[in-house]
Student: 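Right, I'll just put the structure down here and ask away after.
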Number of protein chains: 2
Amino acid sequence: MSTREELIGAARDLMWERGYAASTPREILEAAGAGKGSMYHHFRGKEALAQAAIERNAEEMRTQVTSALESGDSAVSKVRAYLNREREVLKGCRFGRLVQEPGVIDTPALRGEIEDMFAWVRARLVTVISDGIRSGELRSDLDATRTAATVAATLQGAYVLARAAQDASVFDDAIEGVAALLETARA
Amino acid sequence: MSTREELIGAARDLMWERGYAASTPREILEAAGAGKGSMYHHFRGKEALAQAAIERNAEEMRTQVTSALESGDSAVSKVRAYLNREREVLKGCRFGRLVQEPGVIDTPALRGEIEDMFAWVRARLVTVISDGIRSGELRSDLDATRTAATVAATLQGAYVLARAAQDASVFDDAIEGVAALLETARA
DNA sequence: GTCTATACTTGGATAGAC
DNA sequence: GTCTATCCAAGTATAGAC
């Protein structure tokens, strides 16, 4: 793999574990097996490398979510597939963890990618839920926008609770709970 | 107010905004109007001050949540009161934001407070929801533990989504959505 | 294109005067 | 109790050789 790709991969790993601010060029370079010169040759600096890493995360996420939301034959089963993707629960969400950092939120190039990602996920969930309402699977009084926000939020919050407890079972409880609630909203 | 209290207050504010790692003694001291000597006199170091700040946050949170869960006369209205507490949505949750940081999770003195806090909140929600099931308000096939985890997770995730979008309306959508789902689970 | 050496700043903590 | 001066390590970036 090219040095550039090694750098992006190392940045993705370290940013998942530590976030943006705490991911030092020193450690990224060590993990990538490269020297400082390489990083400053391929990227303008830490921020540009981080942006490339987030972009790569976004590509991967869109592929996975698209796949999950195509599985199953009902709205509820699609949402379940979305919630049940394989995940390293205690490591958390690559995007959600970055949202807390002022250094990310205050940097348009970084926040923009994250904002777009979450907006895209919610839009996809709105489509799935709206289709479920139209097809008669879900109650007609369900608000698709709000329900989609709830599903996406439950997933993000489930990571938070599981990490606080250092116990993935809390994650499972939360997502199973929202899936069960959605089932009670069947028409 | 005593210097010690000023230090705790400044640490609480800065940790809310920046988290633990990025809250430097330098800035805390500047905000508190104190010198380095004061901090190292009252606390063993940054970690001990952070622990005191988190403990103070926990006291405040328990008071607020207890109050919210006592309001209203039904399980759903109590949960709604919990979800609708006044909050500075875009600043996020004082506890949830810390959970992402390895420096917090890997420090038992800090993580313990946070873990206990979330476990306590979930336990209180389980009680409210269980009572709602027993009283006949909520469907008997609802799983109280899972549903409580979902409610707590939706709140945490709502903060994440709103911060990513820099728009509090996403927060409102998510919590209104979970409240509406809970209402469809009425017996 | 990649390396090492270096510069500059900041973080966390300690020492010792007042 | 509180202050200032100081120490040491680490973060980010640049310079310039190969």
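In what follows, every chain begins at residue 1, and chains take the letters A, B, ... in the order their sequences are listed.
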Student: At less than 4.0 Å, is any side-chain N or O atom of T3(A) found next to OP1 or OP2 of dT2(C)? Yes or no.
Tutor: yes
Student: Looking at E60(A) and R12(A), is there a salt bridge between them, counting it only when a charged N and a carboxylate O are closer than 4.0 Å?
Tutor: yes
Student: Using the side-chain heavy atoms of H41(A), tell me which of these nucleotides is nearest: dG1(C), dT4(C), dT2(D).
Tutor: dG1(C)
Student: Expressed as a whole number of angstroms, how long is the span from R26(A):CZ to dT4(C):P?
Tutor: 13 Å
Student: CZ of R18(A) versus C1' of dA10(D): gap in Å, rounded?
Tutor: 13 Å
Student: Round to the nearest Å and state the distance from R44(A) atom CZ to dT12(D) atom C1'.
Tutor: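 The distance from CZ of R44(A) to C1' of dT12(D) comes to 15 Å, rounded to the nearest Å.
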Student: When you get a sec, tell me which of dT2(D), dT4(C), dG11(C) is the closest nucleotide to the side chain of K36(A)?
Tutor: dT4(C)
Student: Between dG1(D), dA13(D), dT14(C), which nucleotide gets closest to the side-chain atoms of H42(B)?
Tutor: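 Given the options dG1(D), dA13(D), dT14(C), the side chain of H42(B) is closest to dG1(D).
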Student: What is the distance, rounded to the nearest whole Å, between atom CZ of F43(A) and atom P of dG1(C)?
Tutor: 13 Å
Student: Take atom CZ in R26(A); do more than 12 heavy atoms of anything else shown fall under 6.0 Å from it?
Tutor: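 Open.
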Student: What is the distance from NZ of K46(B) to P of dG11(C), rounded to the nearest Å?
Tutor: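 Going from NZ in K46(B) over to P in dG11(C) covers 9 Å.
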Student: Of the non-hydrogen atoms in S23(A) and I28(A), which two are nearest, and what is the gap between them?
Tutor: O-CD1, 4.1 Å
Student: Identify the two heavy atoms, one from Y159(A) and one from V89(A), that lie closest to each other, and give their separation to 0.1 Å.
Tutor: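 Nearest heavy atoms, Y159(A) then V89(A): CD2-O, 3.4 Å.
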Student: Measure from OH on Y40(A) to C1' on dG16(D) and round the result to the nearest Å.
Tutor: 16 Å
Student: Which nucleotide in the list dG11(D), dG11(C), dT2(D) gets nearest to the side chain of T24(B)?
Tutor: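 Nearest listed nucleotide: dG11(C).
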Student: In whole angstrom, what separates Y20(A)'s OH from dG11(D)'s P?
Tutor: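 Between P of dG11(D) and OH of Y20(A): 14 Å.
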Student: How long is the line joining CE of M39(A) and C1' of dT2(C), in whole Å?
Tutor: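 Distance check: M39(A) CE to dT2(C) C1' gives 14 Å.
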